[in-house]
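The structure appears right after this line, and notes come after that.
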Amino acid sequence: MPRPLDFDTRQIHAAALIDAQAQARVTPIYQTAGYVFDDFDDGETRFAGRGGRVYSRNENPTNFVAGQRLADLEGGVDGIVVASGQAAILVAVAALAGAGDHVLITKSLYEGTNEMFRGIFKRQGIDGEYVPDEASDAEWAARIRPNTKAIYTESIPNPLGQVVDLERLAGIAHAHGLPLVVDNTVATPYLERPIEFGADVVIHSTSKWLAGHGAVIGGAVIDGGTFDWAASGRFPQLAESPRPGVGSFVERFGTGAYGAYLRQVVVLEYGPTVPPTSTFLLLHGIETLSLRMDRHVANAQAVAEFLEGKPGVGVVHFPGLPSNPYYELAQKYLPLGPGSIVSIDVGTREAARAFIDALELVTPMTHIGDVRTLALHLGSTIHLKLNDEQKDHIGITPGLIRISVGIESARDIIADLELGLAAIAAL
């Protein structure tokens, strides 16, 4: 039996589709809404879910290739791409929970995700309860209710770069018949594969490092194929027959039940379709993921080491620094590097303004994972809606600046950051 292909090879070749007529080597853009049925019976067969595409809302071939490639890279059994990272979170959670249900979420989550749990999920009757990442196993277990449907976390939370102990959370979740859902956007499957540490569902904002060039919006959900939905007893939508004469998703799709339910029910009903033109660019980004991530990580390490201890910089949040409280966990979970977000506290809002406004190469904008280095003051942008007490509770200090380190010359990035430090010193 041939050995498995390496990551660098699979990011180029996994699930690639060669067009049957034109023999195009690059997966084509299938810019079509629907697909021709062979005959009357074929239409019925497809709508019954027994083979063949019906509509591009959830079954576009270009999008299918991207979903399967990401599933391959993450070590899952199925993957589906959607319109954005927010859409990925929405459908991933909606496939598990509904009105009256409960989800445990780590306190360190990105604010955009927090807004969803405070907003649309709450309006739909899903109760998201925050638990401190460092809470004991007993405290986590005490928060689990009969209507709890998942534990939700991020592998490397944005913007402070805490490294979540996924094996521990997976153990807690599985002991109570719950799946662990992990947003792996910041790490990407090149740096960390949560399924290998017990995660059951993986989410990505593909707009970030996977696409890599700040040109497209997209998201993805990966089914790990690891969770026993029937044994859990908490997921009748997967383990019970949807109507007479039709087997449950577990009976029909086995380990791929969650992915099939996501595609055939949740995504079909919500309709968060990503354009195949965007997915085409995503596929090109994925092909160079490992090459770019090596540079991202090396540059971030250099930037963090440069900033640590500099006058005007109080704290450098980057788990690649030995002084960081998450350094040891990073060595375990992220041996190839802890991502490329470096957040710094420059003390005050005024200092942050001086720093941001002095930059010439680094771009001030809201995004991460771009080939370009980006910087953003968090308290006045992403966390603007929170009051001071809420910001302080989650570590968003008045002078906190997030730097998404790109792949330019590290020397040039650092020289630009020196302009920002000089502007602080001149206050």
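- Of the N and O atoms on the side chains of His174 and Asp200, at least one donor lies less than 3.5 Å from an acceptor on the other residue.
- For the side-chain contact (heavy atoms from CB on, under 4.5 Å) with Leu386, the lone residue among Ile394, Ile396, Asn114 that qualifies is Ile394.
- Between Leu262 and Asp223 the shortest side-chain heavy-atom distance does not fall below 4.5 Å.
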ask   = Glu134 and Lys107: salt bridge (charged side-chain N to carboxylate O under 4.0 Å, His left out), yes or no, with the steps?
value = CA-CA 9 Å; Glu134 65 278 8; Lys107 177 184 170 183; 5.5 Å; no

query = Can Ile12 and Arg10 be said to form a side chain to side chain contact (heavy atoms under 4.5 Å, CB included), step by step?
reply = CA-CA 5 Å; Ile12 298 170; Arg10 291 185 287 118; over 6 Å; no

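- Contact record, Asp370 with Gly214: OD2-CA, 3.5 Å, taken as the closest heavy-atom pair.
- Between Tyr152 and Val93 there is a side-chain heavy-atom pair separated by less than 4.5 Å.
- Checked against the 6.0 Å centroid threshold, Tyr258 and Phe227 do not count as a close aromatic pair.
- Checked by atom type and distance alone, the side chain of Arg50 never pairs as donor or acceptor with a backbone atom of Arg46 at under 3.5 Å.
- Between the side chains of Tyr270 and Asn58, no donor-acceptor pair is found at a separation under 3.5 Å.
- Contact check on Lys310 versus Glu418 returns no salt bridge, with no Lys/Arg side-chain nitrogen under 4.0 Å from an Asp/Glu carboxylate oxygen.
- In this structure a side-chain-to-backbone donor-acceptor pair under 3.5 Å is present from Ser84 to Ala87.
- The shortest non-hydrogen separation linking Val274 to Val82 is CB-O, 3.2 Å.
- When side chains are defined from C-beta on, Glu167 counts as touching Asp165, because their heavy atoms get closer than 4.5 Å.
- Of all heavy-atom pairs spanning Gly347 and Pro398, the tightest one is O-CB, 4.2 Å.
- The aromatic rings of Trp209 and His296 sit perpendicular, their planes meeting at an angle over 60°, well past the 30° parallel limit.
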message = Is there a side chain to side chain contact (heavy atoms under 4.5 Å, CB included) between Val182 and Ile203? Walk through the geometry before answering.
response = CA-CA 6 Å; Val182 179; Ile203 294 171; over 6 Å; no

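- Taking every heavy atom of both residues into account, Asn299 and Ile413 meet most closely at ND2-CD1, 3.8 Å.
- Under the 3.5 Å distance criterion, the side-chain polar atoms of Asp345 are left unmatched by any main-chain donor or acceptor of Val313.
- Salt bridge annotation for Lys385-Glu115: present, with a cationic side-chain nitrogen under 4.0 angstrom from a carboxylate oxygen.
- In terms of modelled atom types and a separation under 3.5 Å, the side chain of Ser232 and the main chain of Gly177 share a donor-acceptor contact.
- No side-chain heavy atom of Glu111 sits under 4.5 Å from any side-chain heavy atom of Leu378.
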request  = Take Leu417 and Phe355, measure what side chain to side chain contact (heavy atoms under 4.5 Å, CB included) needs, and give me the verdict at the end.
outcome  = CA-CA 8 Å; Leu417 297 178; Phe355 183 92; 3.8 Å; yes

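- In this structure, a donor-acceptor pair under 3.5 Å is present between the side chains of Arg402 and Asn158.
- A salt bridge between Glu129 and Arg143 is present, with a side-chain N of the basic residue lying under 4.0 Å from a carboxylate O of the acidic one.
- Here the side chains of Thr277 and Val216 are not in contact, with every heavy-atom distance at 4.5 Å or above.
- Judged by distance alone, the side chains of Glu154 and Thr185 never bring a donor and an acceptor atom under 3.5 Å apart.
- Remark: side-chain polar atoms of Ser248 are not paired, donor with acceptor, to backbone N or O of Ser241 under 3.5 angstrom.
- Two residues are said to be in side-chain contact when any heavy atoms from C-beta on lie closer than 4.5 Å; Ile151 and Ile172 meet this criterion.
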Worked verdict on Phe117 versus Tyr130 for ring pair (Phe, Tyr, Trp, His ring centres under 6.0 Å) = CA-CA 10 Å; Phe117 277 99; Tyr130 293 99; 7.4 Å; no

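- The shortest heavy-atom contact between Ala352 and His377 is CB-CD2, 3.4 Å.
- The shortest heavy-atom contact between Ala300 and Val405 is N-CG1, 3.7 Å.
- The one candidate from Arg145, Lys122, Arg118 that meets the salt bridge (Lys or Arg N to Asp or Glu O under 4.0 Å) condition with Asp127 is Arg145.
- Side-chain contact between Ile89 and Gln86 is present, with heavy atoms from C-beta onward closer than 4.5 Å.
- Between His383 and Gln390, the side chains place no donor N or O within less than 3.5 Å of an acceptor N or O (distance only, hydrogens not considered).
- Taking CG from Leu169 and CG from Leu180, the interatomic distance works out to 6.0 Å, rounded to the nearest 0.5 Å.
- Of the N and O atoms on the side chains of Asp294 and Tyr190, at least one donor lies less than 3.5 Å from an acceptor on the other residue.
- Counted by atom type alone, Gln162 and Asp133 present zero donor-acceptor pairs between their side chains at under 3.5 Å.
- Distance alone, capped at 3.5 Å, is enough to place a donor-acceptor pair between the Gln68 side chain and the Gly79 backbone.
- Put simply, the side chain of Asp6 never gets that close to the backbone of Asp8: no donor and acceptor are under 3.5 Å apart.
- When the options Thr62, Asp19, Thr279 are evaluated for a side-chain hydrogen bond (donor to acceptor under 3.5 Å, both in side chains) with Tyr30, the one that passes is Asp19.
- Judged by the 6.0 Å distance and 45° axis criteria, Arg252 is positioned over the aromatic ring of Phe249.
- Under a 4.0 Å N-O distance rule, the pair Arg263/Asp78 qualifies as a salt bridge.
- Put simply, the side chain of Phe121 reaches to within 4.5 Å of the side chain of Leu90, judged on heavy atoms.
- Judged purely by atom type and a 3.5 angstrom limit, Thr348 uses its side chain to pair as donor or acceptor with the backbone of Ala351.
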inquiry  = If you apply the rule side chain to side chain contact (heavy atoms under 4.5 Å, CB included), what do you find for Ile403 with Ile344, and how did you get there?
reply    = CA-CA 8 Å; Ile403 304 170; Ile344 59 175; 4.2 Å; yes

